[in-house]
Amino acid sequence: MSAEPLLRVRDLDVRIPTPAGTLHVVRGVTFDVQPGEMLGLVGESGSGKSVTLRAMMGLYRRPITVSGTVEFAGQNLLRASEAQWQATRGAQIGMIFQEPMSALNPVLTVGTQIMENLRTHRGLRGRAAAERAAELLDLTGIPSPRARLNDYPHQFSGGMRQRAMIAIALASEPKLLLADEPTTALDVTIQDQILRLLLRLREELNMSVILVTHDLGVIAQTCDRVAVMYGGRLMETAPVGALFREPRHAYSLGLLRSLPGSGARRAPLQPIPGGPPNLLALPPGCAFSPRCAYASGACLGAEPPLVPVAPGRDSACVHAAALPRLSGEVSA
């Protein structure tokens, strides 16, 4: 991998006004993505994962406010003009949305929706666009691709709709793909096919991927690095294998201990007590402290910053050095 990141995100903040007050949904998120790297963004529902991706793509408008820096190929996208966004969004950065049935237009054929991207970003029209659209459907594993170009989204199964979304996202051969829970609501067989497809396309296109999921098993199968998110903040970033062996944040430890163990040994799961924090009334200090078995007075002052704790690893836990290893409890 190159020493120069393809993407630099620094101090990303997203605030959403509501009748009850302003939700600080994403708080100071900072990370890099290298060329060809697959980064997993994991956490419970409501952690801010999907909001982070949408903010990076410039999909929010006022009164929602987005601040910080999202530097892609040397350009801060948060200061980009609409013309610059049009040249980047969909062309150099593709996105797979969480629910393809709501993301796809129900009154346009799948072929029309793929060719719209090809026309806008690649300048292809007519027969050339149709041929390329069929190639993309074939690339994503849809049988009889030319015949399926004239089908509507409701005529596709859930797995095929997800493949069609991937085809649209890949139409312009982006350098970066944002995949927002691309396997949600799919059965395990189709989930495995989609994940294998993403891995193969990453290799073939030398494409970077940010994969959002709540499933640590998916992270273990696919990603190079992982960023753990909670209460709108990053709690830990690490290489995947290192995090599964030795988490350096109590929240990461709790997530891993809630997974079924491998091998013949059977043991009760250890769920994390309580639920995600109310973003309108965050607890003092570490947002995870009310649910944490390791919480102490040191956790209740200023919110712990995300700081380096080992080469290639950052943590926002004051007890990072005291957390146990997980060798033998879970497998990556």
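Below, each value reflects all heavy atoms present in this structure, side chains not excepted, and no hydrogens, waters or symmetry copies.
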inquiry  = Applying side-chain contact (heavy atoms from CB on, under 4.5 Å) to Leu211 and Leu39, what does each step give before you reach the verdict?
reply    = CA-CA 6 Å; Leu211 175 66; Leu39 172 71; over 6 Å; no
Answer yes or no: is there a side-chain heavy-atom contact under 4.5 Å between [X] and [Y]?
X      : Y      : answer
Pro182 : Ile166 : no
Leu256 : Leu243 : yes
Phe156 : Arg148 : yes
Arg122 : Glu173 : yes
Leu306 : Thr30  : no

inquiry  = Tell me whether Arg61 is salt-bridged to Glu82, with the criterion being a basic N under 4.0 Å from an acidic carboxylate O.
reply    =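 Yes, charged N to carboxylate O under 4.0 Å.
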request  = Inspect the contact between Arg325 and Glu246 and indicate whether a charged nitrogen and a carboxylate oxygen are less than 4.0 angstrom apart.
outcome  =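 Result for this pair is yes, salt bridge flagged.
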request  = Decide yes or no on side-chain contact (heavy atoms from CB on, under 4.5 Å) for Thr69 and Asp11, but give the supporting numbers first.
outcome  = CA-CA 7 Å; Thr69 302; Asp11 297 320; over 6 Å; no
query = Checking side-chain contact (heavy atoms from CB on, under 4.5 Å) for the pair Gln162/Ile96: CA distance, chi angles, key distance, verdict?
reply = CA-CA 8 Å; Gln162 196 63 275; Ile96 305 169; 3.3 Å; yes
message = Using 30° and 60° as the class boundaries, would you call the ring planes of His249 and Tyr251 parallel, tilted or perpendicular?
response =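 Because their plane-to-plane angle is over 60°, the rings of His249 and Tyr251 count as perpendicular.
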query = Going from CD1 on Ile16 to CG on Leu23, what distance comes out if it is rounded to the nearest 0.5 angstrom?
reply =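 So the gap between those two atoms works out to 6.5 Å.
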Heavy-atom donor-acceptor pair, Arg248 side chain to Glu236 backbone, under 3.5 Å =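 Checking the backbone N and O of Glu236 against the side chain of Arg248, no donor-acceptor pair under 3.5 Å is found.
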message = Can you list everything that forms a salt bridge (Lys or Arg N to Asp or Glu O under 4.0 Å) with Arg125? Sequence neighbours excluded, please.
response =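 So Arg125 forms no salt bridge (Lys or Arg N to Asp or Glu O under 4.0 Å) with any residue.
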request  = Applying salt bridge (Lys or Arg N to Asp or Glu O under 4.0 Å), name anything that partners Arg54, two or more places apart in sequence or on another chain.
outcome  =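 By the salt bridge (Lys or Arg N to Asp or Glu O under 4.0 Å) rule, Arg54 matches no residue at all.
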query = Does CZ belonging to Arg10 count more than 12 external heavy atoms closer than 6.0 Å?
reply =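 Result for CZ/Arg10: enclosed.
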request  = Would you check, one step at a time, whether the test salt bridge (Lys or Arg N to Asp or Glu O under 4.0 Å) holds for Arg132 with Glu135?
outcome  = CA-CA 5 Å; Arg132 180 56 180 157; Glu135 288 174 7; 3.1 Å; yes
ask   = So Leu12 and Val70, side-chain contact (heavy atoms from CB on, under 4.5 Å) or not? Walk me through it.
value = CA-CA 8 Å; Leu12 183 66; Val70 178; 4.0 Å; yes
